[in-house]
Amino acid sequence: MGEGREYVSRPDEMGNIHISEDVMAVIAAAAALEVEGVGSLAANLGNDLVEMLGGKKNLAKGVRVSSNEDGSLTVDVGILVKYGYTIPEVAAKVQDAVFSSLENTSGLTPACVNVNVSGITFDRDAKRPQ
């Protein structure tokens, strides 16, 4: 399948289905950004250097999906939490959202979803949660 990309494979009754890790990362990023309290994704998971040097822009810059030797998935998500939200609660909701989104869209169950909170965002116009 070339291009140096990594693929996650799952058997199907008619053959195999190969899903790019990049596609899985975009799905995970979309799920994380839908969680209330997430300000943005944090681009601190090793992709920054490529972007700074003019490399390919990654839509899921704060997400890394890797397949383990046993075929399971490990997902690392870097987020910035909005000021006023409880960090452990937001992180737990991100874990749940990413886990269920990947499971529902790809049929693959992640072994773990690691959430790395890199900072806090301040939005002067937004109201604090009750």
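Heavy atoms only: backbone and side chains are in, while hydrogens, waters and symmetry mates are out.
V63 places none of its side-chain heavy atoms less than 4.5 Å from the side chain of V98. Within the 4.5 Å cutoff, the side chain of L73 has no heavy atoms near those of the N68 side chain.
Going from atom OG1 of T74 over to atom CG of N114 covers 7.0 Å, rounded to the nearest 0.5 Å. Considering CD of E103 and CD1 of I27, their distance stands at 12.5 Å, rounded to 0.5 Å. Residue L41 holds its CG atom at 10.0 Å from OG of S118, rounded to the nearest 0.5 Å. Taking CD of E34 as the reference point, atom NZ of K93 lies at 14.0 Å (rounded to 0.5 Å). The distance from the CG atom of L80 to the CG atom of N116 is 11.5 Å, given to the nearest 0.5 Å.
In plain terms, the two heavy atoms of K82 and I120 that are nearest each other are C-CG2, 4.1 Å. Minimum heavy-atom separation, T121 to S40: CG2-OG, 4.5 Å. The two residues A97 and A31 have their closest heavy-atom pair at O-CB, 3.7 Å. When all heavy atoms are compared, the tightest approach of S106 to M24 is OG-CE, 3.6 Å. Among all heavy-atom pairs drawn from V77 and A32, the shortest one is CG1-CB, 4.1 Å.
Under a 3.5 Å cut-off, the side chain of Q95 and the backbone N or O of V113 do form a donor-acceptor pair.
With hydrogens and angles left out, the side-chain atoms of E6 and S67 include no donor and acceptor closer than 3.5 Å.
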Would you please test I79 and V90 for side chain to side chain contact (heavy atoms under 4.5 Å, CB included) and show each step?
CA-CA 10 Å; I79 62 170; V90 172; 4.2 Å; yes

